[in-house]
Structure formats: structure tokens, C-alpha cells
Amino acid sequence: MLRMALGEALLARCEDLVYTVNQSLVRFMRTDATLPQLLAQIDSAVFNAVYTGTGGTMVVTLDHGRRVRITGAFIHDLADRLLALAYQDLPASPSVRDALFDFSREGSFAAMRELVRRFPMDETDRAYYVQVLTENGQIS
């Protein structure tokens, strides 16, 4: 996911990024950190790597040659999607549902997608989540 989003060249300059993100995801269930705290940790690691790896320009060259400016919103969305890798395979338990519901209320599109995909909910709630996701370009 990082290579597709940021390009191989940036990851080669920022070798620690993959390790740092992986450690955050692996430690997900072994810490007392909340989902928002883990999101902030991953968000910060990605921002710092992009800033350092681009010399502050925030412009990366993707593997197909296209150059793009990486924005804070892009980094936040990427961090949200990366964090989703840690909880997407957890059992569909009430505690996971509650944690994702709370996280979605803080603006996590990945948590919203997971709720819609895996958990039963009434049609009004489902329609709301689908509308928010669609309006924000998170699903089509």
C-alpha cells in the first residue's frame, strides 16, 4: 500500500517507514493505545518520512513516473487505510463493532467502510455511512 501511494523511490530513501508502520500495526492489539492514537502515530510517521524523503517539497515520483504533491489530507487517508489493515480481520464482535463505531465518529473513513462491510446495522445508519463515504470519494 505504501509503495503504490508513495512510490518505490521514496520508500528507498525512507527505509524506516515500512518498519515503523509495520510495528505499529503488529503492536495494535498489544498496547493500550486507542485507534485515534495509533492513527496519529502512523500519520506522523508517514508525514515525517515524506517530508524528509522529499527534502520538504512533499512531491514524490510514483513508480509509473507521475509526480504528485502529497497533502496532509492524502497522508491522513493513507494512515487511516493502513490502520485498517490491523483490524480488518478481527472477529465481528460487539467490542470490535463498538470500537469501530467510536472511531468512525472521529472521522475514520476506513472504520466506516468496515462497519458497512461487516456489521449488521439498521438501514438508516447504513444509508448514512454509505452517503458519507460516497460524498467523500471513499466508495463509488
Which atom of [X] lies closest to which atom of [Y], heavy atoms considered:
| X | Y | result |
| --- | --- | --- |
| L115 | S104 | CD1-OG, 3.8 Å |
| S108 | D80 | OG-OD1, 2.6 Å |
| L25 | L83 | CD2-CA, 3.8 Å |
| L62 | G7 | CD2-N, 4.0 Å |
| V96 | P91 | CG2-O, 3.5 Å |
| T57 | R69 | O-NH1, 2.7 Å |

>> Salt bridge check, R81 against D77: does any charged N sit closer than 4.0 Å to a carboxylate O?
In response: yes
>> Please determine whether residues M121 and V130 belong to a single hydrophobic cluster, defined as Ile, Leu, Val, Met, Phe, Trp and Tyr linked transitively by side-chain heavy-atom distances below 4.5 Å.
In response: yes
> Quick one: do V59 and L78 end up in the same hydrophobic cluster if we chain Ile, Leu, Val, Met, Phe, Trp and Tyr together by side-chain heavy atoms under 4.5 Å apart?
Replying inline: no
> Going by distance alone, is a donor N or O of one side chain under 3.5 Å from an acceptor N or O of the other, for Q37 and Q41?
Replying inline: no
>> If we ignore hydrogens and angles and just use 3.5 Å, is the side chain of N136 paired with the main-chain N or O of Q138 as donor and acceptor?
In response: no
> In terms of ring plane angle, is the pair Y87 and F28 parallel, tilted or perpendicular, where the classes change at 30° and 60°?
Replying inline: tilted
Considering only heavy atoms from C-beta outward, does the side chain of [X] approach that of [Y] to under 4.5 Å?
| X | Y | result |
| --- | --- | --- |
| L6 | V46 | yes |
| L82 | L2 | yes |
| V132 | F109 | yes |

More than 12 non-hydrogen atoms from neighbouring residues, nucleotides or ligands closer than 6.0 Å to [atom1] on [X], yes or no?
| X | atom1 | answer |
| --- | --- | --- |
| R3 | CZ | no |
| Y51 | OH | no |
| Q23 | CD | yes |

>> Could you measure the distance from the CG atom of N22 to the CG atom of D16? Nearest 0.5 Å is fine.
In response: 12.5 Å
